[in-house]
Amino acid sequence: MCTVVIDVADSVTARLLAVRDEDPQREWDAPGEWWPDAYPGVSGIRDRRAGGAWLATDPAAGRLAVLLNRADVVDLSEEVAVSRGSLVLESVSGRLPVAPLPMHGFNLLDVGPEGARVMSWDGVELRETPIGHGVHMIAHDDLDDLGTPRIAAWLPEFRALGAPEGAADGSADGRADHSADDSADWSVSWTSLLASSAGLDPEDDRAIIRDNRPHGYPTQSLLYCLATVTPGHVELDYRALPRPGHWTH
């Protein structure tokens, strides 16, 4: 039930906001090079239980990947299912998943020299969706899926940041006016909007900072990251929330 907002400037440059929802009892480690032998140069947020990552980067290669859960269309027993935590580590190493996969459903957001894309697996089909220029949003369904309440509520707001006056939702393809937005610190405006979204009750299905327990999941928003990806460089800002599912104490 995680959320990612991404602004693709061109084929090799993007910036994004990623909010992680997870069971608060599932411990994690802040970004670091936790896999020096298997993935040298890769830094990521490590899941202590399975050893994989939710988000990872290879700064020298200009690569970043984030994992979001997605519902299965077929049943897969827990005895058979393999952890999805290796997906982002493989992705930032330049290796995308190949079907069939003994894993529960996922959306894998991959940003690198080849561009930005989402690899979606539902237990039967693996699909690749290129991410075009402009501001986009993804959660547990498809890219820019307005059937997802938080996307319907907040995608127009993120697109409006930096959009020309009189074009509050940006252009038809969701492209914002980067020249306007880049004159200030984009991360400040995006974080301010994220803070504004936290005015919703975390149990509200439109919320980005979330408590998913009423929806049948044990997960709550635990942290967020802001990142800029350019050729040969990734800048990552990691922030843990003061308490699960809440922006403030």
Q: Taking Trp35 for its side chain and Gly51 for its backbone only, find out whether a donor-acceptor pair lies under 3.5 Å.
A: yes
Q: Are Leu16 and Tyr238 connected in a single hydrophobic cluster, I mean Ile/Leu/Val/Met/Phe/Trp/Tyr linked by side-chain heavy atoms less than 4.5 Å apart?
A: yes
Q: Measure from the side-chain N and O atoms of Trp28 to the backbone N and O of Pro24, and report whether any donor-acceptor pair falls under 3.5 Å.
A: no
Q: Within this structure, what is the OG1-NE2 distance for the pair Thr13 and His233, rounded to the nearest 0.5 Å?
A: 11.5 Å
Q: Give the C-alpha distance, both sets of side-chain angles, the deciding distance and a yes or no for side-chain contact (heavy atoms from CB on, under 4.5 Å) between Trp121 and His104.
A: CA-CA 8 Å; Trp121 170 250; His104 291 302; over 6 Å; no
Q: Is there a donor-acceptor pair under 3.5 Å between the side chain of His246 and the backbone N or O of Pro244?
A: yes
Q: Ignoring hydrogens and angles, tell me if any N or O in the side chain of Arg150 forms a donor-acceptor pair with the backbone of Ile208 under 3.5 Å.
A: no
Q: Counting neighbours of CD on Glu114 that are heavy atoms of other residues, nucleotides or ligands and sit closer than 6.0 Å, is the number greater than 12?
A: yes
Q: List the steps and the verdict of side-chain contact (heavy atoms from CB on, under 4.5 Å) for Leu226 and Trp186.
A: CA-CA 10 Å; Leu226 294 149; Trp186 71 273; 3.9 Å; yes
Q: First locate atom CG of Leu68, then atom CZ of Arg84, and finally report the distance between them rounded to the nearest 0.5 Å.
A: 10.0 Å
Q: Between Leu76 and Met119, is there shared hydrophobic-cluster membership here, with clusters defined by ILVMFWY side-chain heavy atoms closer than 4.5 Å?
A: no
Q: Give a yes or no answer on whether the side chain of Asp47 reaches the backbone of Ala53 with a donor-acceptor pair at less than 3.5 Å.
A: no
Q: Test your reading of the model: is there a side-chain donor-acceptor pair from Ser221 to the backbone of Gly245, 3.5 Å cut-off?
A: no
Q: Evaluate whether atom CZ of Arg206 has more than 12 neighbouring non-hydrogen atoms of other residues, nucleotides or ligands under 6.0 angstrom away.
A: no
Q: With a 3.5 Å distance limit and no angle check, can you tell me whether Asp122 reaches the backbone of Gly105 through a side-chain donor-acceptor pair?
A: no
Q: Assess whether a salt bridge exists between Arg70 and Asp142, defined as any Lys/Arg side-chain N lying under 4.0 Å from an Asp/Glu carboxylate O.
A: yes
Q: With the 4.5 Å side-chain cut-off for hydrophobic clustering, are Trp190 and Leu200 part of the same group?
A: yes
Q: Go through His140 and Asn69 one step at a time and tell me if the side chain to side chain donor-acceptor pair (under 3.5 Å) criterion holds.
A: CA-CA 6 Å; His140 56 280; Asn69 291 348; over 6 Å; no
Q: So, do Leu222 and Leu241 sit near enough that their side-chain heavy atoms are less than 4.5 Å apart?
A: no
Q: Test side-chain contact (heavy atoms from CB on, under 4.5 Å) on Tyr224 and Thr191 and set out the steps.
A: CA-CA 10 Å; Tyr224 68 96; Thr191 302; 3.8 Å; yes
Q: Does a salt bridge link Arg210 with Asp205, judged by any charged N lying under 4.0 Å from a carboxylate O?
A: yes
Q: So, applying side chain to side chain contact (heavy atoms under 4.5 Å, CB included) with Val66, which one of Leu55, Thr3, Asn107, Ile6 is it?
A: Leu55
Q: Evaluate the side-chain proximity of Pro40 to Glu33: yes if any heavy-atom separation is below 4.5 Å, no if none is.
A: no
Q: For the atom pair CG (Asp7) and CD1 (Ile131), what is the distance rounded to the nearest 0.5 Å?
A: 11.0 Å
Q: Under 4.5 Å between any side-chain heavy atoms of Ser43 and Val234, yes or no?
A: no
Q: Under 4.0 Å between a side-chain nitrogen and a carboxylate oxygen: does that hold for Asp23 and Arg49?
A: no
Q: Hey, is Arg46 close enough to Asp29 for a salt bridge, meaning N to O under 4.0 Å?
A: yes
Q: If only atom types and distance count, is the side chain of Ser192 paired as donor or acceptor with the main-chain N or O of Val188 below 3.5 Å?
A: yes
Q: Check whether Leu193 and Ile151 end up in the same hydrophobic cluster, where Ile, Leu, Val, Met, Phe, Trp and Tyr are linked by side-chain heavy atoms less than 4.5 Å apart.
A: yes
Q: Check the pair Ser91, Leu96 against side-chain contact (heavy atoms from CB on, under 4.5 Å), reporting the backbone distance first and the verdict last.
A: CA-CA 5 Å; Ser91 177; Leu96 291 176; 3.9 Å; yes
Q: If Ile, Leu, Val, Met, Phe, Trp and Tyr residues are connected whenever their side-chain heavy atoms lie under 4.5 Å apart, and connections chain through other members, are Val5 and Trp247 in the same group?
A: yes
Q: With the side chain counted from C-beta on, respond yes when Met103 and Ser86 share a heavy-atom pair under 4.5 Å apart, and no when they do not.
A: yes
Q: With a 4.5 Å limit on heavy-atom distance, are the side chains of Glu22 and Trp54 in contact?
A: no
Q: Do Asn212 side-chain atoms and His215 backbone N/O form a donor-acceptor pair below 3.5 Å?
A: no
